[in-house]
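Notes follow once the structure below has been shown.
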Amino acid sequence: MARNRGDCISRLQDEIISVHILTKLPINQAAATSILSRKWRNLWTLMPSVEINDQGEQEEQGEPGEEENRENAFYARMQGLLSHPAAAATPLQGFSLVCEEWTRAEEMTRLIRIALQDRRAKKLKVDVAPAWEGGNLILPDIVYTSPDLLALNISKVIVQMPAGAVFISLKSLTVDITHQSDPSLQNFYHRCPVLEELAFEGRIDEFPDVEHHFRVSSESLKLFSLRLHSDFNYEKYYDVDLDIYKFSIRAPKLKHLVLDENILASYAIEGSENLVGADISTGWDDDLSYPGATDLFLARVFKLMEGLKHIQMLELNERTMAALGMAFNRLCLIEDEGDQDSDDEEEHLIDDEGDQDGDDEEEHLIDDEGDQDGDEEEEHLRAEKDVWSLVEKKMGTFPLLTNLKLRIGNNLGWAVFPYLLKSCTALKSLVLEMVVMDGVEEGFAWNPPSAKPACLEESIERVQLRGFEEQGERVLQYFQEINGRNPFELIVL
């Protein structure tokens, strides 16, 4: 076969080799493939994306004093490959500089300048310092002034912009915001005049000892996403007066919001009138009962929801619903302490050991499987009205929300679910999924208010139920009863 048709590698198209194979390798390894075949000899110079990575370069053992020589040789070799005459005519789609040990600022700056100025790279990734040290590279001025740079991904660097400087062409920005990041990464986003997409990413291994307040102000931003997870002890976070991670966002053109974090950060969202869709995954991964959590801490989830009042499409996952449910449960206990009537009502809602009627009402709201007589029902209706007023005060209503997707995996999430629906006054489509969560106590509490959410009887057009087994029969029956009075498309998967 080899004699008649040649080997398989030689039959590959140049585009497949340079785009789909070589770009997966650091540039020095890609150049080394030229020995495989005559056809491959200069294909590495056509690579549309180039990565420079010092991983593995330090593993070779040498004589004392050779480390500096090997570092010099590494940078000279990388510069030679990036500036190779055969490659210089090929504009770069992307350039990635990842150096964990050899982080000589002047050499890295030279490589970035070649990539942006000579090779006109459209995308730049810079990750240049060990995670246990602070960022040690100040982004060079060419990063701000390059007319070709459209996307930037930075980790553990310093953004020290000259007075009046802006990112003139940058449309997409991804920033590593782990607690080791330089403080300069918290407040420069107002200097990105055409930015459309901003993403914060991070992984926290230890409880931070300082506040991190990220201030985003942008007239052009359309998408904001946050992916921030931690392994630190949550309970240390409850009683801290500071908002350890706080995000202040002012973006009047913001269309989409994606939050995926497990620290229940604090948010202040301004100018969200044009927000179309949001996907919210916030709250703990486990220990959903939030032992020891303060009311101030739990209020953050209501504050987040309040910032979404103009939303049209919303998705909340099981962690978010658990956090909302716990905040809802605590809200019934502590709200309006200065109002005696409200206090009395709240005592009836949750725990009034001296009043048998109050106990009955608590059972109905939390875990009552029986019926109640007329007097108790009247008392229950008054309680519902007060509870709804408290929820509306904290979370507001969603008059534009037409599409809602919910994943619920614990009893607290089901407790707040009817009140959340009641705030969606124009809802047309509901997707509701019951999920199994690790560490969640078995059992199912479903005690909806007697007053049905208006959207289920007026505006709803389609309800899809997923994952419902025996424990969800009462929820299914709830929707079937409403569907009998106001027919809508009911799908059970």
Side-chain angles (χ1 to χ4, degrees), residues 177 199-205 207 224-238 243-247 256-267 269 277-308 311 313-331 391 394-395 398 404-421 423 430-446 466-468 471-472 475:
I177 59 168
F200 288 146
E201 300 177 351
R203 184 81 197 182
I204 314 167
D205 297 324
F207 181 77
F224 175 80
S225 68
L226 169 68
R227 304 188 188 280
L228 182 64
H229 285 253
S230 70
D231 293 324
F232 62 66
N233 184 352
Y234 298 135
E235 295 187 10
K236 291 181 64 177
Y237 197 25
Y238 290 144
D243 291 322
I244 297 298
Y245 275 88
K246 182 176 181 179
F247 299 88
H256 299 280
L257 177 68
V258 179
L259 303 181
D260 181 6
E261 50 97 345
N262 69 349
I263 63 174
L264 205 58
S266 178
Y267 301 92
I269 302 176
D279 185 349
I280 310 297
S281 301
T282 187
W284 292 177
D285 292 318
D286 49 28
D287 204 3
L288 298 174
S289 60
Y290 292 80
T294 63
D295 301 308
L296 181 63
F297 177 82
L298 290 169
R300 292 175 185 169
V301 69
F302 274 131
K303 187 176 180 181
L304 170 60
M305 295 296 292
E306 185 182 8
L308 305 177
I311 201 76
M313 297 180 291
L314 178 62
E315 184 169 351
L316 306 178
N317 84 330
E318 58 271 26
R319 292 188 288 114
T320 310
M321 290 301 296
L324 269 175
M326 174 55 72
F328 166 81
N329 193 41
R330 297 292 289 271
L331 184 66
V391 174
K394 285 292 185 181
M395 186 167 59
F398 305 92
L404 178 63
K405 293 183 180 180
L406 301 176
R407 289 167 55 92
I408 306 180
N410 76 338
N411 289 340
L412 291 170
W414 288 108
V416 74
F417 165 63
Y419 293 91
L420 176 59
L421 273 190
S423 67
L430 171 66
V431 178
L432 182 61
E433 183 175 357
M434 175 177 284
V435 298
V436 177
M437 301 184 70
D438 294 336
V440 174
E441 176 179 329
E442 291 186 7
F444 178 63
W446 173 246
R466 300 175 179 173
F468 281 78
Q471 73 272 25
V475 181

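Values reported hereafter were calculated over all heavy atoms of this structure, with side chains retained and with hydrogens, waters and symmetry mates removed. The structure presented is a predicted model; accordingly, all values stated were derived computationally and were not measured.
Heavy atoms only, all atoms of each residue included: A322 and N410 are closest at CB-ND2, 3.6 Å. In this structure, A323 and V301 approach most closely via the heavy-atom pair O-CG1, 3.8 Å.
By the 4.5 Å heavy-atom criterion applied to side chains, F224 and L259 are counted as neighbours. By the 4.5 Å heavy-atom criterion applied to side chains, F297 and L264 are counted as neighbours. Contact annotation: the side chain of L314 approaches that of M305 to within less than 4.5 Å [non-hydrogen atoms, C-beta and beyond]. Counting heavy atoms from C-beta on, the side chains of V416 and M321 come closer than 4.5 Å. Taking the side chain as every heavy atom from C-beta outward, L430 and L421 approach each other to under 4.5 Å. With a 4.5 Å cut-off on side-chain heavy atoms, L420 and F328 do not count as touching. Counting heavy atoms from C-beta outward, D279 and K405 have side chains that stay 4.5 Å or more apart. No side-chain heavy atom of I244 sits less than 4.5 Å from a side-chain heavy atom of I263.
Remark: R466 engages Q464 in a side-chain hydrogen bond (donor to acceptor under 3.5 Å, both in side chains) (not counting sequence neighbours).
A distance-only check finds no donor-acceptor pair linking the side chain of T282 to the backbone of T320 [under 3.5 Å]. At distances below 3.5 Å, not a single donor-acceptor pair connects side-chain atoms of R300 with backbone N or O atoms of D243. Here the side chain of R319 pairs a donor or acceptor atom with the backbone of E261 at under 3.5 angstrom.
For the atom pair CG (L304) and CE (M395), the distance works out to 11.0 Å, reported to the nearest 0.5 Å. In this structure, the separation between CH2 on W414 and CG on L406 is 8.5 Å, given to the nearest 0.5 Å. For the atom pair CZ of F247 and CG of L228, the computed distance is 5.5 Å after rounding to the nearest 0.5 Å. Expressed to the nearest 0.5 Å, how far OG of S225 lies from CZ of F200 amounts to 9.0 Å.
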Query - Check against side-chain contact (heavy atoms from CB on, under 4.5 Å), L257 and I311 - result: CA-CA 10 Å; L257 177 68; I311 201 76; over 6 Å; no
Report task. Please step through side-chain contact (heavy atoms from CB on, under 4.5 Å) for the pair L324 and F417, ending with a clear verdict. Result -> CA-CA 9 Å; L324 269 175; F417 165 63; over 6 Å; no
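In this structure, D231 pairs ionically with R203, as a charged nitrogen and a carboxylate oxygen lie closer than 4.0 Å. Taking a cutoff of 4.0 Å between a charged side-chain nitrogen and a carboxylate oxygen, E433 and R407 qualify as a salt bridge.
The closest side-chain donor-acceptor pair between D260 and H229 falls under 3.5 angstrom.
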